[in-house]
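Following: one structure in structure tokens, then a few remarks.
Throughout, numbering of the chain's residues begins at 1 and tracks the sequence. Computed from a prediction, not measured in an experiment: that's the story for all the values here. Whatever order the structure lists them in is the order used to number ligands and atoms, beginning at 1.
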Amino acid sequence: MTAQNHPTYDVIISGAGPVGLFLACELALAKCSVLILEKAEDPHSTLKQLPFGIRGLSAPTIETLYRRGLLNKLEIHKRVKNPHQNAKQGAQRQVGHFAGIPFLEGNVDTSQWTYRLPGSTETSLISEMQELETVLTSRAEALGVKINRGFAITGFNQTDDGVTVQSGNQSFQSTWLVGCDGSRSIVRKLGGFEFAGTEPEFTGYTAKVDIADPEKLSPGRNVTPTGMYLQSQPGYLQIQDFDGGAFHSSEKPITLEHVQEVLRRVSNTDVTISALHIATTWTDRARQATTYRNGRILLAGDAAHIHAPLGGQGLNLGLGDAMNLGWKLAATIREKAPEGLLDSYYTERHPVGIQVLDWSRAQAAIMKPNPAAHALYAIIRDLMNTRDGATYFAGRVWGIFTHYDLGNSHPLTGHSVPNFELEEGATIGELMRDGLAILLDFNTDASLRTVADEYGDQLKYISGPAKDQLGLSAVLIRPDGIIAWASSGKPDYSELRSAAARWFA
Ligand SMILES: Cc1cc2nc3c(=O)[nH]c(=O)nc-3n(C[C@H](O)[C@H](O)[C@H](O)COP(=O)(O)OP(=O)(O)OC[C@H]3O[C@@H](n4cnc5c(N)ncnc54)[C@H](O)[C@@H]3O)c2cc1C
């Protein structure tokens with residue numbers, strides 16, 4: 001089959017992982033035609049199911065899913081509200097960690113986060129990769145996205161007008177190509193992107209095993225002089241071995257003997273593994289593409305950045321990329337994008353990626369098996385046991401501080417919009433399901449409506465008081481839920497006009 005047999009799509013996405021699927025949903029919501037080419041024939045995998053497939057969701061991801069009506073479709077969200085739920089522990093409950101050091105719920109002072117309203121979505125939840133991908137696949141298909149499974153992208157060629165994408169002997173045409181094809185992204189490798197960063201300190205193992213003498217291992221997460229091991233459930237192991245990432249890079253098979261040798265060394269026991277059912281390895285290699293766009297080719301998710309899964313941030317980072325990119329790329333395709341809109345994807349998301357990579361490097365650094373790292377580890381542990389310390393770490397891990405530098409005419413500019421509850425009933429998050437920008441006017445000011453009307457169907461005008469307005473009179477909200485402009489008193493109309501002109505054509 002040749003390219004002539006296929007329709008031309010607005011966007012081809014490489015990879016039906018969570019990031020590719022969510023991006024496809026955003027583009028299709030904005031009426032773009034999307035084809036996903038996915039290498040794997042079967043979307044199911046043991047590694048995506050619990051307990052391997054467990055993923056911590058941070059506040060921006062939870063808000064994103066809520067704003068598109070997806071949060072309540074996740075059954076696991078309804079079952080388990082908190083990553084480390086243990087009601088008996090009450091305020092002593094662990095609600096996150098840094099390098100394995102827990103911070104406790106009772107120590108986190110959420111009152112320091114001024115703009116979080118009581119009706120906000122949760123700050124952290126657990127999810128299962130398999131369920132998340134299933135929910136996103138259903139939504140993508142319902143929105144008209146075509147997903148071709150068993151189609152690995154093998155090459156592509158871009159011109160001024162579009163991209164021709166190869167999968168084996170088939171070719172497909174699109175105007176844009178987005179690489180959401182994970183850490184070993186072919187789109188990144190063939191697309192001329194530089195992938196700069198640092199080499200790993202350790203090899204991480206995730207394995208399902210039978211242990212003949214499990215009592216020899218301590219429960220919970222154990223940071224030891226040579227690494228870390230954790231038994232999350234009987235027989236489910238996570239190990240970190242500070243071998244410079246050597247085993248992961250060696251591409252040797254992961255045998256029972258090898259996992260046992262590593263576990264014995266790291267746990268300093270003579271524990272015996274009697275069966276190895278499944279195992280995978282990963283590292284703390286931290287690299288990031290130095291640009292996220294090359295002509296008509298873009299990157300998002302693990303294709304754009306990789307780092308250790310310590311504290312679990314990669315999925316959150318990738319879904320944040322997709323939420324940021326989707327409406328900008330759609331506006332570009334629809335010729336409704338002001339100058340520079342698409343490039344703001346990189347200028348906003350690259351710094352967030354830097355922070356996450358550094359967060360994972362910092363954890364790897366204090367977990368190293370040497371006296372200097374152990375000394376630092378002890379100091380960080382003490383700080384995390386203070387109220388301000390726990391609040392800081394929770395804010396970072398839960399993504400509370402994530403924002404973009406859009407200029408600071410108001411302290412909320414560049415931040416995620418608080419979940420205002422209008423007196424007539426709806427929350428602002430519920431009003432964002434159609435993916436449109438919103439001018440929210442608490443005082444029903446006719447001049448604000450006039451500004452909104454100038455942008456036609458790009459900008460929705462919503463007026464009326466909210467139960468708690470946080471002292472604001474009006475807010476301009478981008479389709480991704482980021483505040484583009486806010487006013488606390490009488491609105492400055494010319495400031496609003498220039499903010500609107502910056503984001504909408
Ligand atoms: C042990 C572990 C625990 C983790 N825990 C967390 C956590 O708690 N929280 C968190 O936020 N993150 C966590 N992560 C990270 C998270 O899983 C990843 O960041 C996330 O899966 C990235 O999503 P993605 O869609 O970018 O890439 P992927 O999930 O890797 O999906 C990429 C897709 O592209 C496909 N593909 C690859 N090559 C091609 C090709 N040539 N053509 C077409 N398709 C292709 C692949 O088959 C795959 O389906 C963890 C990771 C690991 C390893």
Side-chain angles (χ1 to χ4, degrees), residues 12-24 35-45 47-48 50-62 64 83-84 96-97 124-130 132-133 136-137 147-156 165-168 170 172 177-191 203-207 230 232 236-240 248 279-285 289 299-322 325 353 356-357 359-360 397-399:
I12 292 179
I13 295 176
S14 174
V19 176
L21 288 167
F22 187 74
L23 177 64
L35 168 69
I36 303 183
L37 296 173
E38 163 56 50
K39 179 167 74 173
E41 285 188 15
D42 183 357
H44 303 96
S45 153
L47 290 171
K48 292 182 190 170
L50 295 180
F52 295 118
I54 192 168
R55 295 292 183 266
L57 303 183
S58 64
T61 301
I62 297 164
T64 291
H84 307 278
H97 75 90
S124 69
L125 287 173
I126 65 157
S127 167
E128 185 203 45
M129 278 280 274
Q130 188 74 73
L132 182 61
E133 287 188 8
L136 292 175
T137 300
I147 306 176
N148 284 1
R149 296 190 184 272
F151 283 73
I153 289 188
T154 48
F156 52 87
V165 179
Q166 298 294 142
S167 175
Q170 296 211 44
F172 302 85
L177 169 66
V178 188
C180 298
D181 43 358
S183 56
R184 297 180 181 178
S185 167
I186 189 110
V187 175
R188 184 187 70 229
K189 286 177 187 161
L190 300 182
T203 297
Y205 297 79
T206 304
L230 161 76
S232 54
Y236 288 94
L237 285 176
Q238 268 198 35
I239 314 170
Q240 274 165 250
H248 178 83
T280 181
T281 61
W282 38 276
T283 74
D284 58 323
R285 178 176 283 109
L299 300 177
D302 279 12
H305 35 66
I306 55 163
H307 56 86
L310 300 170
Q313 308 232 353
L315 172 65
N316 295 300
L317 185 59
L319 290 176
D321 292 346
L325 175 60
V356 171
L357 262 65
W359 191 253
S360 85
V397 172
W398 297 345

Quick one: closest heavy-atom pair of [X] and [Y], and the distance?
X: Ser360; Y: Ala308; result: OG-N, 3.7 Å
X: Ala303; Y: Gly179; result: CB-O, 3.4 Å
X: Ser185; Y: Leu299; result: OG-CD2, 4.3 Å

Looking at [X], which atoms of ligand 1 are within less than 4.0 Å of one of its heavy atoms?
X: Cys180; value: 32 (C), 33 (C), 34 (O)
X: Gly314; value: 10 (C), 11 (O), 12 (N), 19 (O)
X: Pro309; value: 2 (C), 3 (C), 4 (C), 50 (C), 51 (C), 52 (C)
X: Pro18; value: 23 (O), 25 (O), 29 (O)
X: Gly301; value: 26 (O)

Subject >> Residue among Val178, Asn148, Ile147 satisfying side chain to side chain contact (heavy atoms under 4.5 Å, CB included) with Ile36 >> reply: Ile147

Is a side-chain N or O of [X] found less than 3.5 angstrom from the main chain of [Y], in a donor-acceptor match?
X: Gln313; Y: Val356; result: no
X: Ser167; Y: Ala152; result: yes
X: Gln170; Y: Val165; result: no
X: Thr154; Y: Gly168; result: yes
X: Thr280; Y: Thr206; result: no
X: Asp181; Y: Ile186; result: yes
X: Arg188; Y: Ser183; result: yes
X: Glu128; Y: Leu50; result: yes

N/O of [X] under 3.5 Å from N/O of ligand 1, yes or no?
X: Ala16; result: no
X: Ser183; result: no
X: Glu133; result: no
X: Met129; result: no
X: Asn316; result: yes
X: Val19; result: yes
X: Asp302; result: yes
X: Thr206; result: no
X: Ala303; result: no

Shortest protein heavy-atom distance from [atom], along with the residue and atom involved:
atom: atom 47 (O) of ligand 1; value: Glu38 OE2, 2.6 Å
atom: atom 30 (O) of ligand 1; value: Gly182 CA, 3.7 Å
atom: atom 42 (N) of ligand 1; value: Ile153 N, 2.9 Å
atom: atom 44 (N) of ligand 1; value: Lys39 N, 3.1 Å
atom: atom 13 (C) of ligand 1; value: Arg55 CD, 3.3 Å
atom: atom 36 (N) of ligand 1; value: Asp181 CB, 3.7 Å
atom: atom 8 (O) of ligand 1; value: Gly56 N, 2.8 Å
atom: atom 11 (O) of ligand 1; value: Leu315 N, 2.8 Å

Original post:
Under 4.0 Å from ligand 1, counting heavy atoms only, is it the side chain of Thr280, its backbone, both or neither?
Top reply: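 The answer is neither.
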
Original post:
How would you list all residue pairs meeting side chain to side chain donor-acceptor pair (under 3.5 Å) that involve residues 299-310, not counting sequence neighbours?
Top reply: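 Output for this query lists His305-Asp321.
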
**OP:** Please confirm whether Ser14 comes under 4.0 Å of ligand 1, counting heavy atoms of the residue only.
**Re:** yes

**OP:** Quick one: do Leu315 and Thr61 satisfy side chain to side chain contact (heavy atoms under 4.5 Å, CB included)? Show the steps, please.
**Re:** CA-CA 9 Å; Leu315 172 65; Thr61 301; 5.8 Å; no

